[in-house]
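Order of the sequence lines sets the chain letters (A, B, ...), proteins ahead of strands, with each chain counted from 1. These values consider heavy atoms only, across backbone and side chains, with no hydrogens, waters or symmetry-generated copies.
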Amino acid sequence: MNFERDLEAFAYTTFAMTAISPEQLDDVQLVKLALEDVEYFEPLMARYERQLLRYVLRISSFSEAEAEEIVQEVFLKTWKNLRDFDGGLKFSSWLYRIAHNETISHFRKHQVRGMDRQLHLDEDLYNSLPSELHLQDEIAKTQRNAVIQNLLQQLPEQYCDVLVLKFFEDRSYEEISDILKKPMGTVATLINRAKQQFKQLAHDYKIAL
Amino acid sequence: MSKKLAQSVLEKIKKQKLEPRPRWHFVLKNGAFWLLFGLAALFGAKAVGLTLFAIFEIDFSLVYRAGVRLPAILHMIPLIWVIAFLIFIIAAITGLHHTKRGYKFSVIRLIFINLAVSFVLGGILYAAGAAERTENFVRRALPQYKGVEIRRERVWSQPQQGRLSGVIISVESDALLLLDDFGGSRWQILYAQAERRGPLQLIQGERVRILGVAQLGNRFEAEIISSWRPPHHPPHVMLKEIFVPPRTRY
């Protein structure tokens with residue numbers, strides 16, 4: 001009996017350590033392995049930590065240090081709730097959902113969201129929204145950055161959330177639905193309204209789109 | 001930076017010996033919301049069944065002919081079941097919304113699903129007679145509960161408005177019977193010309209409703225005499241009776 005168990009453990013370890021490296025495994029496989037051996041949780045975290053840090057910074061006014069603290073909390077919650085992940089939705093969507101909720105909960109604790117929301121705008125962000133919203137190419141890049149930052153800061157939070165997820169995080173409608181826990185139809189409506197409001201704001205400020 | 005964060009989380013997990021919560025914890029949580037939905041839908045259906053029972057016991061074609069006005073008709077439906085239904089429908093929606101994939105449904109769809117479940121189940125419970133049994137049970141358990149029967153008795157105990165009801169004491173002839181109303185007063189009912197309605201037997205001990213004109217000396221000239229329980233029609237006829245009042249009212 002012991003021999004069989006040892007053999008199984010050996011086979012498992014051999015498969016895990018020699019046959020396939022963690023980078024070659026998909027999220028679901030890594031989750032399954034992490035539940036057996038916590039070491040496999042590290043590559044899973046490493047795979048998403050940059051994305052999550054960027055996402056938290058994009059939807060919040062927190063500093064990088066605070067964002068790191070939030071992401072750390074996100075990973076701990078993910079670990080504690082790992083058995084709740086059933087593969088019915090993408091692991092990344094589940095992580096983003098936890099990150100979104102954790103950021104909101106951090107906002108509530110510090111009462112800052114919407115008061116002096118500063119969007120963290122990196123290169124990806126600068127480039128993606130203008131192309132999606134057909135911002136004229138001739139507008140100088142620095143000018144565009146300031147414009148987008150200013151406009152997004154003025155949008156209601158729910159509109160900012162969907163725009164960030166759709167255009168900056170490149171998430172599908174279904175993924176946004178899973179992340180924000182809203183029906184797909186609502187997500188589509190929110191995105192449309194967010195785009196309209198974004199354009200309206202641009203129009204109000206006499207910015208050509 | 002990247003490696004540092006993942007590593008520090010891993011170290012924390014190991015140091016604090018943090019373990020993922022067991023699967024049953026989540027199964028239980030999700031199950032609790034399904035249970036909430038199931039129970040709320042079931043009780044909501046009960047409330048619908050009782051409301052349907054109250055509505056179909058009204059016997060709309062007769063109350064319209066009796067000239068009973070809408071507020072009095074609505075008063076014949078125990079409001080407690082309507083309120084209970086609304087509370088249970090909110091509980092059912094909340095339960096379904098908090099299940100694992102509940103967020104996929106819009107609020108309108110959730111309301112529609114719950115209404116559909118409640119009305120289908122409620123209709124079945126009513127048709128199976130469960131609503132009536134529940135009504136009787138609640139009436140026995142809560143003496144202060146003003147059920148369908150009491151409300152109907154009130155509406156049909158207004159002889160000056162031409163509505164009388166009670167128990168037949170004796171059938172004296174083809175034209176006269178004696179009746180005790182629900183207040184205990186004895187009446188002589190002249191029914192030779194009366195239109196008979198419903199599963200009426202005209203025997204001693206039978207409960208009846210009478211539409212007619214009160215005369216002096218506790219005499220009542222009946223124009224329509226009906227069984228206490230309304231005649232059972234198919235649902236579409238019942239609905240027609242509710243929404244299409246007869247042109248000539250009594």
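Within the 4.5 Å cutoff, the side chain of Phe105(B) has heavy atoms near those of the Ile113(B) side chain. Counting heavy atoms from C-beta outward, Arg54(A) and Phe168(A) have side chains that stay 4.5 Å or more apart.
Taking each heavy atom of Ala67(A) and Leu53(A) in turn, the nearest pair found is C-CD2, 3.7 Å.
Contacts with chain A were tallied for Arg101(B), Glu19(B), Lys12(B); Arg101(B) has the most, counting heavy-atom pairs under 4.5 Å. For chain B, the option among Asn81(A), Leu44(A), Leu82(A) with the highest count of heavy-atom pairs below 4.5 Å is Asn81(A).
Donor-acceptor pairing under 3.5 Å is lacking for the side chains of Gln196(A) and Tyr159(A). Between the side chains of Ser92(A) and Arg171(A), at least one donor N or O lies within less than 3.5 Å of an accepting N or O.
Residues of residues 71-78 of chain A lying under 4.5 angstrom from chain B, judged on non-hydrogen atoms, are Val71(A), Gln72(A), Phe75(A), Leu76(A) in numerical order.
Aromatic rings of Phe62(A) and Phe107(A) (six-membered ring for Trp) have centroids within the 6.0 Å cut-off, being under it.
Neither the backbone nor the side chain of Thr186(A) comes within contact range of chain B; no heavy atom of the residue lies under 4.5 Å from a heavy atom of that chain. Heavy-atom distances place the side chain of Leu35(A), and not its backbone, under 4.5 Å from chain B. With a 4.5 Å cut-off on non-hydrogen atoms, Lys29(B) does not touch chain A at all. The parts of Lys181(A) that come within reach of chain B are both its backbone and its side chain, each placing non-hydrogen atoms under 4.5 angstrom from that chain.
In summary, Asp178(A) and Lys104(B) engage in a salt bridge, as defined by a charged side-chain N under 4.0 Å from a carboxylate O.
Considering Leu52(B), Val138(B), Leu86(B) in turn, Val138(B) is the only one that fulfils the side chain to side chain contact (heavy atoms under 4.5 Å, CB included) rule with Trp81(B). The one candidate from Tyr103(B), Trp34(B), Phe33(B) that meets the ring-ring contact (aromatic ring centres under 6.0 Å, His included) condition with His98(B) is Phe33(B).
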